[in-house]
Amino acid sequence: MQNEYSLHFALALWSVILGAFLCSVYDIFRLFRLNKRQNNVVLFINDISFCLIATLCFMLLFFNLSHGRMRAYAFVLAVVGFLIWRFTVSYVVMNVMQRLFDFVSKCLNSAKMRVRKALALLSRRIYTRFYCRRSISAVYKLALKRKEDNNGKETDTQ
């Protein structure tokens with residue numbers, strides 16, 4: 001069995017690592033929030049999931065390294081690890097992800113607009129083709145009717 005000081009040191013070290021790990025998990029959940037039109041139910045489920053993951057991690061940490069006793073310094077060091085990760089790695093990762101999300105959104109919007117324009121053009125062409133056929137056939141029928149009327153008038157006048 002290890003002496004008490006080494007267990008405290010291990011708990012302190014693992015608390016900082018746990019804080020950084022929890023911040024990286026939180027960053028994964030933050031990726032869902034990049035979409036501005038997010039459903040509140042999904043966000044609520046994400047928040048509850050993060051809380052359950054954090055609780056499970058702290059339970060395992062305290063059970064394994066301090067025999068089930070909760071130490072205040074472990075929570076403080078986990079917060080320190082969380083903040084270190086948040087203001088260093090997380091800042092860079094989230095900026096890159098925001099730019100990537102914006103780029104993909106612009107590409108998808110551009111593709112959506114092109115598809116929308118192509119479908120509008122196609123529908124206009126289809127409508128014009130059927131409308132013209134109908135109009136041409138109506139004009140043709142009218143011309144035939146006039147021709148028949150003119151033929152009938154010519155025979156009456158003779």
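Side chains are part of it too, since the values below use all heavy atoms of this structure and drop only hydrogens, waters and symmetry mates.
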Nearest 0.5 Å please: distance from the [atom1] atom of [X] over to the [atom2] atom of [Y].
X	Y	atom1	atom2	answer
Phe103	Arg99	CZ	CZ	13.5 Å
Leu18	Cys23	CG	SG	11.5 Å
Asn95	Leu100	CG	CG	12.5 Å
Leu11	Arg69	CG	CZ	11.5 Å
Tyr26	Leu31	OH	CG	11.5 Å
Thr88	Leu83	OG1	CG	10.0 Å

Minimal heavy-atom distance between Ala10 and Leu65, with the atoms involved, is O-CD1, 3.9 Å
For Leu22 and Phe50, the nearest pair of non-hydrogen atoms, with its separation, is O-CE1, 3.3 Å
Sorted by chain and number, sequence neighbours left out, side-chain hydrogen bond (donor to acceptor under 3.5 Å, both in side chains) with Asp102 holds for Gln98
Here the ring pair (Phe, Tyr, Trp, His ring centres under 6.0 Å) pairs for residues 74-97, sequence neighbours left out, are Phe58-Phe75, Phe62-Phe75
The complete set of side chain to side chain donor-acceptor pair (under 3.5 Å) pairs with one or both residues in residues 14-23, sequence neighbours excluded, reads none
Here the side chain to side chain donor-acceptor pair (under 3.5 Å) pairs for residues 108-122, sequence neighbours left out, are none
When Ile, Leu, Val, Met, Phe, Trp and Tyr are grouped by side-chain heavy atoms lying under 4.5 Å apart, directly or through other members, which residues fall in the same group as [X]?
X	result
Leu56	Leu60
Phe9	none
Met59	none

Return each pair, listed once, that meets salt bridge (charged side-chain N to carboxylate O under 4.0 Å, His left out) where at least one residue sits in [range]; pairs must be two or more places apart or across chains.
range	value
residues 11-29	Asp27-Arg30
residues 75-85	none
residues 38-65	Arg33-Asp47

Side chain to side chain contact (heavy atoms under 4.5 Å, CB included) filter on Leu121, not counting sequence neighbours, yields Arg124, Arg125
Across all chains, not counting sequence neighbours, the side chain to side chain contact (heavy atoms under 4.5 Å, CB included) partners of Ser49 are Phe29, Ile45
Applying the 4.5 Å side-chain criterion to the ILVMFWY set and letting contacts propagate, would [X] and [Y] be lumped into a single cluster?
X	Y	result
Met70	Leu77	yes
Ile28	Val93	no
Phe101	Leu108	yes
Val76	Leu13	no
Met97	Val92	no

Checklist entry - Are Leu52 and Ile48 side-chain neighbours, meaning at least one heavy-atom pair lies under 4.5 Å? => result yes
